[in-house]
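In the text below, chain A, chain B and the rest are named by the order of the sequence lines, each starting its count at 1. Only heavy atoms go into these numbers, but all of them, side chains included; no hydrogens, no water, no symmetry mates.
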Amino acid sequence: MNRGIALKQPQQIPHSLDELMQRAHQLTGYTLGELATNLGWPVPKDLRSAKGWTGQLIEACLGASAGSKPEQDFPELGVELKTIPITPEGKPLETTYVCIAPLTGLNGVTWETSNVRNKLQRVLWITVDGRREQPLAERLVGVPILWTPTPEQEATLKADWEEITEAIVLGRVEQITGRHGIALQLRPKAANSRVETQGVGPDGQPIRTLPRGYYLKTSFTQALLHEAIGVRVE
DNA sequence: GTTTGATCATTG
DNA sequence: CAATGATCAAAC
């Protein structure tokens with residue numbers, strides 16, 4: 001796979017959705033090794049100690065504002081960027097992290113004003129071959145998919161979010177497991193299981209508890225990818 | 001410690 | 001063998 005010079009050096013922030021999508025399409029068919037080399041990045045042996053590497057590489061290729069804090073990757077375009085590891089058949093290999101879950105200060109927050117909805121309003125999915133048996137440098141970038149939840153999908157997300165949020169507000173955060181929710185789930189999001197943050201206990205009292213994050217289940221991601229257009233790595 | 005980027009790896 | 005709970009690294 002060598003189609004000459006195409007994407008060199010970190011990109012500037014795209015000024016329009018068209019420009020962003022054009023760049024995204026230009027990545028299709030390149031290997032992660034080629035993209036990394038073009039940027040002068042080393043390729044790690046595997047992702048065990050570099051779990052966010054692919055996402056950061058794609059960010060740099062598309063000109064996302066790196067390391068930014070709470071909002072979307074392209075605030076001016078209203079677009080959140082997500083790389084999604086899949087098999088050549090289009091099956092997601094991992095759940096998708098959405099954002100941290102607020103455990104306090106939830107009074108007055110609704111689905112409409114939630115971080116989850118804000119992040120998922122418009123997502124640019126970059127499919128990447130994520131098979132572990134495939135050497136990292138040889139993994140192919142696939143087609144980009146710009147997605148906005150259908151009314152049905154949003155209703156599912158909203159229902160999951162409301163169920164989880166209500167449990168958090170009522171002090172049942174430690175009883176919520178990854179099994180809750182159809183599309184959205186709540187799971188640990190921390191350096192390790194000893195990390196603690198502030199939460200609310202059963203009697204409304206402050207407690208120390210494991211930080212959690214919202215994740216999209218693979219079944220939901222797979223459905224949305226296939227609805228958008230039959231996904232393939234190449 | 002928190003939030004970004006996620007994948008790892010044990011368990012059912 | 002998928003899914004849940006655990007974990008890794010960087011920026012701040």
By nearest nucleotide on DNA chain B, pick out whichever of A:Arg48 and A:Thr197 is the more 5' one.
-> A:Thr197
For A:Arg139 and for A:Val98, find the nucleotide of DNA chain B with the closest heavy atom, then tell me which residue's nucleotide is more 5'.
-> A:Val98
Euclidean distance, atom [atom1] of residue [X] to atom [atom2] of [N] [Å, nearest integer]:
X        : N      : atom1 : atom2 : value
A:Asp46  : B:dA6  : CG    : C1'   : 14 Å
A:Asp73  : C:dA11 : CG    : C1'   : 15 Å
A:Leu32  : B:dA6  : CG    : C1'   : 14 Å
A:Asn115 : B:dT4  : CG    : C1'   : 13 Å
A:Trp41  : B:dG5  : CH2   : C1'   : 10 Å
A:Asn192 : B:dC8  : CG    : C1'   : 14 Å
A:Gln56  : C:dA10 : CD    : C1'   : 7 Å
A:Arg132 : C:dC1  : CZ    : P     : 13 Å

Which of the following nucleotides, B:dA6, C:dT4, B:dC8, is nearest to the side chain of A:Thr83?
-> B:dA6
Who passes side chain to side chain donor-acceptor pair (under 3.5 Å) against [X], sequence neighbours left out?
X        : value
A:Thr113 : A:Thr110
A:Arg172 : none
A:Arg187 : A:Thr95, A:Gln185
A:Trp53  : none

Walking DNA chain C from its 5' end, the first of A:Lys51 and A:Glu94 to be reached, judged by nearest nucleotide, is A:Glu94
If each of A:Arg194 and A:Thr95 is mapped to the nucleotide of DNA chain C with the nearest heavy atom, which maps nearer the 5' terminus, i.e. the 5' end?
->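 By nearest-heavy-atom nucleotide position, the 5'-most residue is A:Thr95.
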For residues 202-211 of chain A, tabulate all N or O donor-acceptor pairs below 3.5 Å that involve a side-chain atom, not counting sequence neighbours.
unit_1   : atom_1 : unit_2   : atom_2 : d
A:Gln205 : OE1    : A:Asp203 : N      : 2.9
A:Arg208 : NH2    : A:Glu196 : O      : 3.3
A:Thr209 : OG1    : A:Glu174 : OE2    : 2.9
A:Thr209 : OG1    : A:Arg212 : NH2    : 3.0

What parts of residues 153-166 of chain A reach DNA chain C, counting only heavy atoms under 4.0 Å away?
-> none
Near DNA chain C, which residues from residues 169-191 of chain A have a heavy atom under 4.0 Å away?
->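 Contacts with DNA chain C under 4.0 Å: A:Thr177, A:Gly178, A:Arg179, A:Gln185, A:Arg187, A:Pro188, A:Lys189, A:Ala190, A:Ala191.
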Could you tell me whether the phosphate oxygens of [N], OP1 or OP2, come under 4.0 Å of any side-chain nitrogen or oxygen in [X]?
X       : N     : result
A:Lys82 : B:dG5 : yes
A:Tyr97 : B:dT7 : no
A:Thr96 : B:dA6 : no
A:Thr54 : B:dG5 : no

Kindly calculate the angle separating the two end axes of the helix from B:dG1-C:dC12 to B:dG12-C:dC1, each obtained from five base pairs, and round it to 10 degrees.
->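 So the angle between the two local helix axes works out to 30°.
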Please indicate whether A:Arg48 has more than 12 foreign heavy atoms, meaning atoms of other residues, nucleotides or ligands, lying under 6.0 Å from its CZ.
-> no
Is there side-chain contact between A:Glu71 and A:Asn118, with heavy atoms separated by less than 4.5 Å?
-> yes
Does a side-chain heavy-atom distance below 4.5 Å link A:Leu146 with A:Leu20?
-> no
Output the rest of the hydrophobic cluster of A:Tyr215: all Ile, Leu, Val, Met, Phe, Trp and Tyr residues reachable through side-chain heavy-atom contacts under 4.5 Å, sorted by chain and number.
-> A:Tyr97, A:Ile100
Under the 4.5 Å side-chain heavy-atom rule for ILVMFWY, direct or indirect, which residues accompany A:Val195?
-> none
Hey, is the main chain of A:Trp111 close enough, under 3.5 Å, to the side chain of A:Arg117 for a donor-acceptor pair?
->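 Side chain of A:Arg117 to backbone of A:Trp111: no pair is present.
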What nucleic acid atoms does [X] come within less than 4.0 Å of, heavy atoms only: base, sugar-phosphate, or nothing?
X        : answer
A:Gly55  : sugar-phosphate
A:Pro211 : nothing
A:Glu80  : sugar-phosphate

side-chain contact (heavy atoms from CB on, under 4.5 Å) involving A:Thr96 - partner list, sequence neighbours excluded |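 side-chain contact (heavy atoms from CB on, under 4.5 Å) list for A:Thr96, sorted by chain: A:Lys82, A:Ile84, A:Trp125, A:Leu216, A:Thr221.
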Decide yes or no, distance alone: a donor-acceptor N/O pair under 3.5 angstrom between the base of B:dA6 and the side-chain of A:Tyr215.
-> yes
Partners of A:Glu162 by salt bridge (charged side-chain N to carboxylate O under 4.0 Å, His left out), sequence neighbours excluded?
->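 Expected list: none.
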